[in-house]
Amino acid sequence: MMKLRSRLLLILRNLFVYEALFILLGFSEYPHLQAPLFLVFLTIYTVTLVGNLGIIVVVRTNPKLHTPMYFFLSHLSFLDICSSSVFTPKLLEILVVDDRAISFKGCMAQFFFGCAFVITETSMLAVMACDRFVAVCNPLLCTVAMSPKLCTLLVAGTYSWGRICSLTITYSLLELSFCGPNLIHHFGCEYPAIISASCSDPYLSQRTCFIISTLNEACSLLIILSSYVFIVVTVIRMPSAGGLQKAFSTCASHLTATTIFHGTVLFLYCVSNSKSSWLLVKVATVFFIVLIPMLNPLIYSLRNKDVKETVRSLINTKLLSHSI
């Protein structure tokens, strides 16, 4: 009881009394690259916002796209906007200003939302794999099996699960003490960077993070791989080449996006957190947080005839209205 009370007091102190500032070092060791990196990341972030908002608008505009696949895709685009917006604005800020500080509350808030959106996206990709399985293996029952109510429940479940996991890990971080200098060798409040700045024993927090991260990654990959095993078996049994091509086009975009996402996650798992690996971790995290949210709308729109037709129709309608 006393131990629990002391832990709660420490958390309350960190939240309401602790006034420490963290210094985000970012890419400060390369001052000559600050301006070019700012322009590159600003361009990528702009394309990310335009591309993902475009996907959401296209899905809502075209009644043909009111299907489970596009319903999940619009939420994936929303998650990409959110996850990118948690870190990229701060990254852009520290590239152009000398003040690289972030408050303790701001750091914990950034970590909480970033972690929540990443875990939610991990679950969303697994849900989308199940949808692809139903679409290929039981196409006639797709609208019945993936009813609007079930789709809504699945999406609500992914968001709730992401928040619960992120809250648990953030709670474990609030129990740590920070004695200074609170230097974060990163451009954002990522978990390993926060742990390295702590002066207390992070064992419990690391174990909590490890269990939750491994559980999420393993379950998501298991669901995705199982779905694609059934899809491959169904495709092999298809007698016509047309059915094979249609099945491939149905799954290609999701498979590409999933491979890039989980490949980067597994790479970050394998890289050690030593000082010699900090630059590699930062570059991989930039790819994960900044580039992947930009790639997803490109992957889904470039290979999708319905999306491209809707975009052309919207552009033609706008041009026609302006000409009139």
- Item | Residues Lys282, Glu190: salt bridge by 4.0 Å N-O rule |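 Not counted as a salt bridge, because no side-chain N and carboxylate O are separated by less than 4.0 Å.
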
- Message: Tell me which pairs pass ring pair (Phe, Tyr, Trp, His ring centres under 6.0 Å) where either residue lies in residues 119-138, with sequence neighbours left out.
- Response: Phe133-Phe230

- Item | Minimum heavy-atom distance between Cys251 and Ile231, given as atom pair plus value | SG-CD1, 3.9 Å

- Any idea which heavy atoms bring Met294 and Val47 closest together, and the distance? CG-CG1, 3.6 Å

- Query: Is a side-chain donor or acceptor of Ser166 paired with a backbone partner of Arg163 at a separation under 3.5 angstrom?
  - Reply: no

- Would you find a donor on one side and an acceptor on the other, under 3.5 Å apart, between the side chain of Thr48 and the backbone of Ile44?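 Indeed, once roles are kept as given, a pair shorter than 3.5 Å links the two residues.
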
- Task: List in chain and number order the residues that pass side-chain contact (heavy atoms from CB on, under 4.5 Å) with Thr120, two or more places apart in sequence or in another chain; answer none if no residue qualifies.
- Result: Leu79, Thr158, Tyr159

- side-chain contact (heavy atoms from CB on, under 4.5 Å) against Leu154, all qualifying residues, sequence neighbours excluded: Phe72, Val127, Met146, Leu150

- Message: For a 4.5 angstrom cut-off between non-hydrogen side-chain atoms, does Asn216 reach Cys165?
- Response: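 Of all side-chain heavy-atom pairs linking Cys165 with Asn216, at least one is under 4.5 Å.
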
- Item | Beyond-backbone contact of His254 with Tyr228, side-chain heavy atoms, under 4.5 angstrom | yes

- Task: Calculate, to the nearest 0.5 Å, the distance between atoms OG and CG belonging to Ser227 and Asp131 respectively.
- Result: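 The OG atom of Ser227 sits 10.0 Å away from the CG atom of Asp131.
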
- Note on the structure: side-chain contact (heavy atoms from CB on, under 4.5 Å) test vs Ser77 passes for just one of Ile56, Val57, Val58, namely Ile56

- Steps toward side chain to side chain donor-acceptor pair (under 3.5 Å) verdict (Ser85, Tyr45): CA-CA 8 Å; Ser85 297; Tyr45 185 53; 2.8 Å; yes

- Task: Look at atom CZ of Phe71 and say whether more than 12 heavy atoms of other residues, nucleotides or ligands are closer to it than 6.0 Å.
- Result: yes

